[in-house]
Each structure stands twice: as structure tokens, then as C-alpha cells.
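Read through the structure below, which is laid out as C-alpha cells, and then see the notes.
Read the numbers this way: they start at 1 and go in the same order the structure lists the ligands and their atoms.
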Amino acid sequence: MKQTNNEPRRTARILLIYTGGTIGMGLNPRTGALEPLDFNELVARLPELHDIPAGVDVHQFPQPIDSSDMNPQLWGRIVEIIADGYDHYDGFVILHGTDTMAFTASALSFMLENLTKPVILTGSQLPIHQLRTDGRENLITSIEIAAARKPDGTPRVPEVCIYFSGKLLRGNRSTKINSEGFNAFDSFNFPPLADAGVKIVYHDELILHPDYSRPMTPHFALDANVVVFTLFPGIQEATVRYLLATPGLRSIVMRTYGSGNAPQSPWLEQVLNEANSHGIVIINITQCAAGPVEMARYSGGFLLKNAGVLSGYDSTVECAIAKLMHLQGHTSDPEAIRRLMARPLCGEITIEP
Ligand code: ASP
């Protein structure tokens, strides 16, 4: 956006990266279906943006996508755009479809090491040009958060976050919980970093502190040889064996019951033991939305521990997948991956002492 003498002083420069999603879609009058629009036009038609004390440039994906088509190559592209503009901009706002936003936010949190600037993902449930859209507030507040600084000039939120419906959530703690309501995201195991009502109230004590004396390091290597499987009563040995025999498979996110429990079947222990001894990393994540895995609590969890399954602590599934892809992209040593899965790298898990 160009600045004239009548406009507020732009104190921060923000790069808006438009990847697609409902927020920028319009109705095709012929088919009645939603399809991506040119976002530069939409920004020009949003007069509110001129009142924000930030200069906003737009980088649009050549072909905006529905976020169901997001993939690790495109995560790399987003990281490249951020790394290229890193010195020029004070913060980044990524417009993204809600369906896979939590995966992208998780991946970016690992790919942007020692992030010293805000990267805020947002989107909407209704396209931005519709009368009742939630996109206008989500976008404007995200820009405001990306531009916010502390009195010492450092950014208020130097993290990858999702802003949606009044809540600023740590990206790698977020999950999409609603396909219709405006409150599309939640973070069950970590409180919001900020609440936006009449004022934006930041919870500074929860926000990460990067090392400002070190540069941000972008990472691009990802290895997507991960699989997720969910336990259910009656799960068959043959199915699990088939899954574990997938060529190239390096890790499993196993969605267990309650505090990390599984049926006490000798075959399950044996199959998992075999996978483990072949260097496959197995991470235990509960099927519950809230609460951590505690494998020593019941014998069904103890069995998994004996089979070499690692606790995923209170990680989301989205985050466990992204972290495994990131670590697998950087090392071929399963022991190194196991070690790093048990350590928070950017606020993604809580380990009780
Ligand atoms: N299917 C859309 C997407 O994820 C939904 C949305 O944007 O909310 O791109």
C-alpha cells in the first residue's frame, strides 16, 4: 500500500503472504462455487487496512490453493518467502485455508529456527467480501499483532501463531476444532498468547524469548515418511503389520486411548518391538483433545513403554507429524530423533519434572 500525507504514520512493515483459503475466495456467478480471487484487488477494497499504522505489502501464491492441497514443498516456499523478506519486514501475516493451517503453523515453527519476528497465520470461515465475514477482523487484528512491539522495540510475539476469532494461539499447539463456527481453532494444552477483545491483551509470560544476538535460521529439509494410526477396539494384527511394512517408513504417530493406553495384546507389543528395533520411531499421542500421555499410569501404557514407544507428551497430532518430518529431514539416526522428540524445541510440548 502506498502512503500519503493524510495517512497514519506507518511504524512497521508487514508482508502479507496470501496462499489461498476461503478468506480470499469469491463466488463464481456461473457455477455458484467458491474460488480464489486476486488478493491485491481485495486488499485495495478493504479501506480499514489504510487505518492500520503499518505498511503492508502482499505476496500472492501464483496459484492460490485450498489448504487441502498444502504440502511440504509449499511449506518450503513459504519459508523461502519469509527468509527472503526477513530483513525488510517487521512481521509476516500468512493467509491460509483453515483445514490444514495447524499443520502449516507447526511445520513453520520448526523450519524457522530462532524466529525473532512474528509470523501470524489467519484465514476465515466466510470469504472476506461477504457481509458477515469473520475474515476482516481476523486479518486486521493479525496485522496489528504482527506489527506490535514492546517498549524496547522488540516484537511483542516473536513466534509462529494462529490468530482466529479473538484468540492468538501458539501455532504448534493449535488444532482446528470447528468446520462451521467462527471459533475454528483451539489450543487445549497451552493457553492463548493473547486475547483480542476491546483491547489486545498479551500474556507476555507465555511468549517465547528468542536469542536476538543470533540470526533466524531457515530450514528446508523435510522427510514425509511418517504415518498416523489410531487404535480402536478390534484393531487387527494384519492391518498393523501391513502398515509397519510400508517401504521407507521412518516413524509412526500412534493415537492411543486416554493417558496413552493400548490393549494388552502380546501381538501388539511384539509388532511394535520389531518396528522399534528396525529403527522406526513410534510416538504415543492420546486420542483425547486435552491432557498429556503418561505411559506409566496404567498397564496398557506400560506395555507400550516396554515395546520402545515414546511419549508424545501433550503434543497435538499435527505438531508431532511436522516435528518428525523436520527431524527426519535433518538426520538419518533414529536415536537422535528419539532424543529430540523428548525435548521441546519451540514450546511445542510441556514436560513435567
Ligand atoms: N477448504 C478451505 C481451506 O482450507 C477452508 C477454509 O479456508 O477455511 O482452504
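Comment: E318 does not engage K176 in a salt bridge, judged by the lack of any side-chain N to carboxylate O separation of less than 4.0 angstrom.
Cluster annotation: I321 is connected to I162 through the hydrophobic network of ILVMFWY side chains, with a link wherever side-chain heavy atoms come within less than 4.5 Å.
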Tabulate below the donor-acceptor pairs under 3.5 Å that side-chain atoms of residues 73-80 make, not counting sequence neighbours, or state none.
| from | atom 1 | to | atom 2 | distance (Å) |
| --- | --- | --- | --- | --- |
| W75 | NE1 | T104 | OG1 | 2.9 |
| R77 | NH1 | E80 | OE1 | 2.6 |

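In summary, the side chains of T350 and D314 do present a donor paired with an acceptor at a separation below 3.5 Å, with no hydrogens or angles considered. T331 and D333 share no side-chain donor-acceptor pair at under 3.5 Å.
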Verdict with reasoning, D57 to Y89, per side chain to side chain donor-acceptor pair (under 3.5 Å) | CA-CA 9 Å; D57 291 331; Y89 292 100; 2.6 Å; yes
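Within 4.0 Å of ligand 1, counting heavy atoms only, the contacting residues are G21, T22, D66, S67, G97, T98, D99, S124, Q125.
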